Amino acid sequence: MKQRDINVEKRFLSKESRFSAKGQVGLPAGMDDIGRVVDICAAAEVTDTEITDGKLEARGVVRLCITYISRDGAVCGFASETLFSGAVSSAELSADMEKLVSVRCGNISYRVLDSATIEVEIGLVMNAEAACNRAISVADPAEEGIFAKETELELPVLICEKTVKTYPRTTVSADIKGDVISSWGNAVIEKIRPEDGRVAVEGRLWLNAVCPTGDPKRPVMLVSRKAPFGELIEAEGVRENDNIAVTCSVERVGARPAGDGVEIAAVVSVCCRAVRLLRETVATDMYSSRTELKPVVAELPLTQEGGSEASVRTVTAETKLPEGHAPVEEPLFARGSANITELRRERGTAEVQGAIDVSLCYMSPEAGIRSAAVSAPFTEKLAMTRGETECTAEVLSVVCTGSGSELTLACEMAFGLSGGEKKLVPVVIDAEEGEARKKQSPGITLVLNGGDRDPFEIGRELGIDPADAQIRDGNMRIIRK
């Protein structure tokens, strides 16, 4: 039996894989001793990835901004970093796959060991995918006397996977009194426009810097800005009608006084994936009019690709300070992360449930600057386009209002759906020749009430061309020449 090759993408997808990085950070020389820590924010940069059969590993660095109160009562801040390594394992992974990996920071816990050393543990969330094209040999029924039942498939073929970095910056007017204490940011892709040989993307950044005010009653202020960014990704082989998926993550944020304000700069990693759907006609069954043919059938795994640009929405929730904390007089700033606990899919809708974990810094009436970790549940419904199976949720910004112990959180969140349901399609990849079939004599065979039968099955039974079967008045008439 003749064969031909078809190309199809083999893809592995892992969303929201969680691990942690631990380390100790030391106070830089010349800084005031640590009295108590009020906030730690972080950003993760992937510096190296490695894929082997069955395993995908990412390594990188977490950059920390630590805000603390010195023993003299001053608000201070310093930067440090620690390394991380995380991996996902699966039998679907192979060393020849292209890979895209991003890592973002989640919850951060810490313990002050002494006046100059802090032990930290950073929760990390890794989103990873790997893909390659596989050549699969299928039976080619283009031989005389071979008749096939065929179907047309849309087969995904990987065109490119690429990661680039972009370096946006912005300046915010603010009356600050000293150096920036800490800074962080988040980003989301808003528009994707494929062109021949490249992909144009537009996104938005949420940039934040904590700065001194010189006012003892409110010693720090949050300087924030939503800033657009864009990037033109050179992607060889891409066409404007290809399916494009783009994600991004903020790997680094820095801020400094600039004139009458604050300049905030970021490093954003942008991951682009391009897939083209190619139509291929394959045989799902076949027979021969000459011999007893036994088709060899294999199941071709296909994923119905789904996914959409991120949906940004505001989620509002009520929460309370944990017992034993000084009451809130005025919230200063807050930062959050999301943890998805359940994804329910029904009738084109995905219901996402989870929790928002928030790190809050606030002024208390008598205790000065304090911090607290609070949490609130969330439930959101998202529209599915093609049976997506994976969901991501990221907290872009948190605005906290209220006083005492009763608080309201208004969180801008980005939700993304991806992946798709896998199905197995039976495809004839080869056929084994058997004994010669008995040659049929010319004539006409009438199959009573045969109009409901499959002409292909009648043709297999009698060893004729299915096209020779005619339906008339509910009966099937077969002409053998």
Side-chain angles (χ1 to χ4, degrees), residues 7-17 45-46 48-51 56-58 88 90 92-104 125-134 154-166 187-203 229-251 268-278 301-311 384-394 414-422:
N7 283 321
V8 62
E9 180 195 36
K10 178 184 177 183
R11 185 186 182 200
F12 167 81
L13 181 66
S14 174
K15 293 292 186 182
E16 303 287 293
S17 175
E45 178 184 2
V46 176
D48 181 46
T49 58
E50 182 180 2
I51 187 168
L56 173 58
E57 185 174 8
V88 291
S90 171
E92 298 179 26
L93 290 166
S94 58
D96 59 343
M97 286 179 157
E98 300 291 332
K99 54 197 180 299
L100 293 176
V101 180
S102 65
V103 176
R104 72 175 189 271
V125 182
M126 180 165 67
N127 292 308
E129 61 181 80
C132 64
N133 291 325
R134 289 276 192 265
E154 282 191 335
L155 301 180
V157 176
L158 178 67
I159 304 303
C160 82
E161 286 192 327
K162 189 173 185 179
T163 300
V164 300
K165 295 188 180 184
T166 186
V188 68
I189 299 296
E190 295 182 318
K191 292 183 180 179
I192 304 169
R193 189 178 70 254
E195 304 172 359
D196 288 348
R198 58 188 187 179
V199 178
V201 299
E202 296 177 16
F229 72 93
E231 186 69 20
L232 194 59
I233 304 171
E234 298 297 330
E236 184 178 355
V238 167
R239 300 175 187 169
E240 62 178 347
N241 293 323
D242 289 339
N243 291 342
I244 309 294
V246 181
T247 59
C248 66
S249 60
V250 176
E251 295 188 335
V268 182
S269 175
V270 182
C271 298
C272 175
R273 177 174 181 271
V275 171
R276 186 172 302 147
L277 296 178
L278 299 180
L302 293 179
T303 300
Q304 186 181 34
E305 289 289 334
S308 60
E309 295 172 2
S311 172
M384 293 193 302
T385 57
R386 300 184 67 178
E388 295 87 344
T389 57
E390 303 285 347
C391 182
T392 59
E394 184 175 1
F415 294 91
L417 291 170
S418 59
E421 294 181 337
K422 292 184 179 180

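Keep in mind that this is a model prediction, so the values were computed, not measured.
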query: Is there a side-chain contact between Val46 and Ser102 (heavy atoms, below 4.5 Å)?
result: no
message: Is any side-chain heavy atom of Val246 closer than 4.5 Å to one of Val270?
response: yes
query: Atom SG of Cys160 and atom CD1 of Ile244: how far apart are they, to the nearest 0.5 Å?
result: 6.5 Å
message: Taking the basic N atoms (NZ, or NE/NH1/NH2) and the acidic carboxylate oxygens, is any pair closer than 4.0 Å for Arg239 and Asp196?
response: no
message: One thing to verify: whether Arg273 and Glu9 come together as a salt bridge, which I'm taking to mean a side-chain N less than 4.0 angstrom from a carboxylate O.
response: yes
- prompt: Between Ala131 and Leu158, which heavy-atom pair has the shortest distance, and what is it?
  reply: O-CD2, 3.7 Å
field: Pair Glu129 + Arg11: basic N to acidic O under 4.0 Å
entry: yes
statement: Output for pair (Cys272 SG, Leu100 CG), nearest 0.5 Å, gives 8.5 Å
task: Could you go through the salt bridge (charged side-chain N to carboxylate O under 4.0 Å, His left out) check for Lys99 and Glu161 one step at a time?
output: CA-CA 7 Å; Lys99 54 197 180 299; Glu161 286 192 327; over 6 Å; no
message: Please find the pair of heavy atoms, one from Val88 and one from Ser17, that lie closest to each other, and give the distance.
response: CG1-OG, 3.4 Å
- request: Identify the two heavy atoms, one from Val101 and one from Leu56, that lie closest to each other, and give their separation to 0.1 Å.
  value: CG2-CD2, 4.0 Å
task: Check the pair Leu155, Leu277 against side-chain contact (heavy atoms from CB on, under 4.5 Å), reporting the backbone distance first and the verdict last.
output: CA-CA 5 Å; Leu155 301 180; Leu277 296 178; over 6 Å; no
- prompt: Is there side-chain contact between Val199 and Ile192, with heavy atoms separated by less than 4.5 Å?
  reply: yes
field: Interatomic spacing from OG in Ser249 to CZ in Arg104 - rounded to 0.5 Å
entry: 9.5 Å
- request: Would you give the length of the straight line joining atom CD of Glu234 to atom NZ of Lys162, rounded to the nearest 0.5 angstrom?
  value: 6.5 Å
- line: The salt bridge (Lys or Arg N to Asp or Glu O under 4.0 Å) partner of Asp242 among Arg276, Arg198, Arg193 is Arg276
task: Decide yes or no on side-chain contact (heavy atoms from CB on, under 4.5 Å) for Glu390 and Leu13, but give the supporting numbers first.
output: CA-CA 9 Å; Glu390 303 285 347; Leu13 181 66; 3.7 Å; yes
message: Return the CD to CD1 distance between Glu231 and Ile189, rounded to the nearest 0.5 Å.
response: 9.5 Å
message: Any side-chain to backbone donor/acceptor pair from Asn127 onto Glu16? Under 3.5 Å, distance only.
response: yes
message: I need the minimum non-hydrogen distance between Met126 and Ala58, along with the two atoms involved.
response: SD-CB, 3.7 Å
Side chain to side chain donor-acceptor pair (under 3.5 Å) evaluation trace for Ser94 with Arg134: CA-CA 12 Å; Ser94 58; Arg134 289 276 192 265; 3.1 Å; yes
- line: Shortest non-hydrogen pair, Cys132 vs Met97, comes out as SG-CG, 3.8 Å
Nearest non-hydrogen partners of Phe229 and Val188, listed with the distance: CE2-O, 4.1 Å
- request: Quick one: pull up CG in Asp96 and CD1 in Ile51 and give me the separation to the nearest 0.5 Å.
  value: 8.0 Å
